[in-house]
Amino acid sequence: MHPNFFKQLLLISQFELKRGFATRKGLLSLVTFAVVWYFILLYPLRFAADLLVQEKGFKQNSSFLDFIGFGSLQLWPIPEFGVFWQFALLIFPMLSITVAADQTCSDRERGTLRFIVMRSSRNCLFFGRFVGVMAIQALLIFATAFSTLALVLYRDVSLFSSALPDLFVITFNVILAVLPFTAMMAALSARVKSARQATLWAILIWTFLAGIISGFAYYLPALDFFKCLIPGYQLSDLAQLSEWQTLQLAYIPLLQSLVLLALGRWIMARQAL
């Protein structure tokens with residue numbers, strides 16, 4: 001591997017971070033996300049956590065949460081993290097489709113991609129943008145996780161030491177969960193002309209691929225293995241686990257990300273700039 005590969009990759013990743021946080025569009029998106037998350041934290045998350053605290057005093061077989069299908073929330077010793085876990089598995093993979101949609105497509109449309117590649121390899125550009133977008137999402141995940149920790153400490157400051165392991169497990173798993181979605185958008189961004197097209201194709205491919213594979217697997221159970229190729233395939237099962245048990249399915253998003261990144265690199269190497 002070329003000795004300047006990691007240096008160029010780091011520079012491209014830093015540029016992506018600046019584009020995500022230091023531009024007007026990036027700051028507007030960040031403020032919008034912060035406002036939306038503030039209301040999620042203050043109302044549904046806090047309300048559900050208070051309900052879970054009350055549920056601790058009830059018998060398991062008479063739990064209201066079991067009745068509505070959210071009994072897995074009780075598996076978390078700290079209620080706020082249980083609720084945050086459910087919200088994070090729903091919000092961040094969907095957010096990843098929009099945040100990671102414009103990795104290389106807009107530069108290709110403007111003609112600046114050819115200028116960048118004159119000073120860097122296509123591999124550096126492809127993987128550098130991917131790493132930069134993942135860093136942005138990781139920072140957002142950490143910010144929301146620590147805000148949830150602040151909510152926990154507001155209720156009971158003595159929970160700090162027991163909350164840290166759960167905080168680490170949740171953030172690590174959510175980052176893993178968004179990896180294949182970001183890799184999918186990297187591959188689509190290398191092929192289409194705009195972020196809007198990448199988002200549209202991601203939704204269409206994701207939904208139709210899931211439906212087609214599930215339909216074939218229903219009649220041919222041997223094809224059930226191909227469900228592992230669908231980003232987010234493991235999320236419903238992951239939501240039923242808690243704490244360190246959630247790492248049991250970590251291999252699925254890692255495998256999906258490797259396949260999608262390999263596909264995206266192949267597209268990037270052959271796509272006209």
Side-chain angles (χ1 to χ4, degrees), residues 12-13 16-17 19-20 25-26 28-30 32-33 36 87-110 113 122 125-141 144 173-217 226-239 249 252-273:
I12 294 172
S13 301
E16 194 68 22
L17 281 169
R19 190 169 69 162
K25 181 180 178 181
L28 180 61
S29 300
L30 185 63
T32 303
F33 176 81
V36 172
F87 270 103
L89 290 180
L90 176 65
I91 293 174
F92 284 105
M94 298 298 99
L95 181 66
S96 179
I97 293 178
T98 57
V99 171
D102 186 13
Q103 295 186 43
T104 55
C105 52
S106 63
D107 286 321
R108 183 184 302 103
E109 184 69 11
R110 291 193 299 264
L113 196 61
R122 296 192 183 202
L125 178 61
F126 178 78
F127 290 107
R129 289 286 174 84
F130 171 78
V131 172
V133 172
M134 277 304 307
I136 292 173
Q137 295 178 94
L139 289 174
L140 293 178
I141 292 169
T144 54
N173 272 287
V174 176
I175 290 173
L176 283 180
V178 302
L179 265 176
F181 288 91
T182 308
M184 177 178 65
M185 299 312 297
L188 288 172
S189 183
R191 183 66 182 86
V192 301
K193 295 182 179 181
S194 67
R196 182 177 297 177
Q197 288 184 12
T199 303
L200 180 61
W201 276 108
I203 295 173
L204 291 175
I205 291 174
W206 188 41
T207 53
F208 279 105
L209 183 65
I212 292 172
I213 293 178
S214 298
F216 278 109
F226 289 97
K227 288 183 179 180
C228 292
L229 298 178
I230 305 171
Y233 155 75
Q234 82 288 359
L235 293 182
S236 59
D237 293 330
L238 199 59
L249 303 176
I252 296 178
L254 290 175
L255 177 62
Q256 292 170 345
S257 301
L258 289 175
V259 172
L260 290 168
L261 285 176
L263 176 63
R265 179 185 179 277
W266 181 83
I267 294 173
M268 188 70 177
R270 287 158 178 78
Q271 182 74 1
L273 301 180

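What's counted below: heavy atoms across the whole structure, side chains too, no hydrogens, waters or symmetry copies.
- Closest heavy-atom contact between F181 and S96: CB-OG, 3.7 Å.
- Note that CD1 of I230 is 12.5 Å distant from CD1 of I205, once rounded to the nearest 0.5 Å.
- In this structure the side chain of L249 never reaches within 4.5 angstrom of the side chain of L176, judged on heavy atoms.
- Results of the side-chain hydrogen bond (donor to acceptor under 3.5 Å, both in side chains) test with R129 over D102, T104, D107 single out D107 as the only residue that passes.
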(Q) Applying side chain to side chain contact (heavy atoms under 4.5 Å, CB included) to Y233 and Q256, what does each step give before you reach the verdict? (A) CA-CA 10 Å; Y233 155 75; Q256 292 170 345; 4.1 Å; yes
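- Separation of atoms CG (L235) and CG (L89) is listed at 6.0 Å; rounding is to 0.5 Å.
- The backbone N or O of T182 lies less than 3.5 Å from a partner atom in the side chain of Q103, making a donor-acceptor pair.
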Q: Give the C-alpha distance, both sets of side-chain angles, the deciding distance and a yes or no for side chain to side chain contact (heavy atoms under 4.5 Å, CB included) between M185 and I97.
A: CA-CA 7 Å; M185 299 312 297; I97 293 178; 4.1 Å; yes
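- Within the 4.5 Å cutoff, no side-chain heavy atoms of S29 are placed close to those of T98.
- The closest donor-acceptor contact from the side chain of R19 to the backbone of K25 lies at 3.5 Å or more, if one exists at all.
- Atom CG of L204 sits about 11.0 Å away from atom OG1 of T199, to the nearest 0.5 Å.
- Among all heavy-atom pairs drawn from P93 and A88, the shortest one is CD-O, 3.4 Å.
- With hydrogens and angles ignored, the 3.5 Å screen pairs a side-chain donor or acceptor of T32 with a backbone N or O of L28.
- Taking each heavy atom of G132 and L17 in turn, the nearest pair found is O-CD2, 4.1 Å.
- The distance from the CE atom of M268 to the CZ atom of R270 is 13.0 Å, given to the nearest 0.5 Å.
- Taking the side chain as every heavy atom from C-beta outward, V192 and L200 never approach each other to under 4.5 Å.
- At least one side-chain heavy atom of L140 sits less than 4.5 Å from a side-chain heavy atom of L30.
- Minimum heavy-atom separation, A195 to A101: O-CB, 3.7 Å.
- The shortest distance between side-chain heavy atoms of S13 and E16 does not fall below 4.5 Å.
- Scanning all heavy atoms of the two residues, the minimum distance from G264 to A190 falls at O-CB, 4.3 Å.
- To the nearest 0.5 Å, atom CE of residue M184 and atom CG of residue L263 are 11.5 Å apart.
- The side-chain heavy atoms of T144 and F92, taken from C-beta on, include a pair separated by under 4.5 Å.
- Under a 3.5 Å cut-off, the side chain of R265 and the backbone N or O of F127 do not form any donor-acceptor pair.
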(Q) Before you tell me yes or no, could you show the steps for L179 and F130 under side chain to side chain contact (heavy atoms under 4.5 Å, CB included), namely the whole-Å CA-CA distance, both residues' side-chain angles and the distance that decides it to 0.1 Å? (A) CA-CA 9 Å; L179 265 176; F130 171 78; 3.7 Å; yes
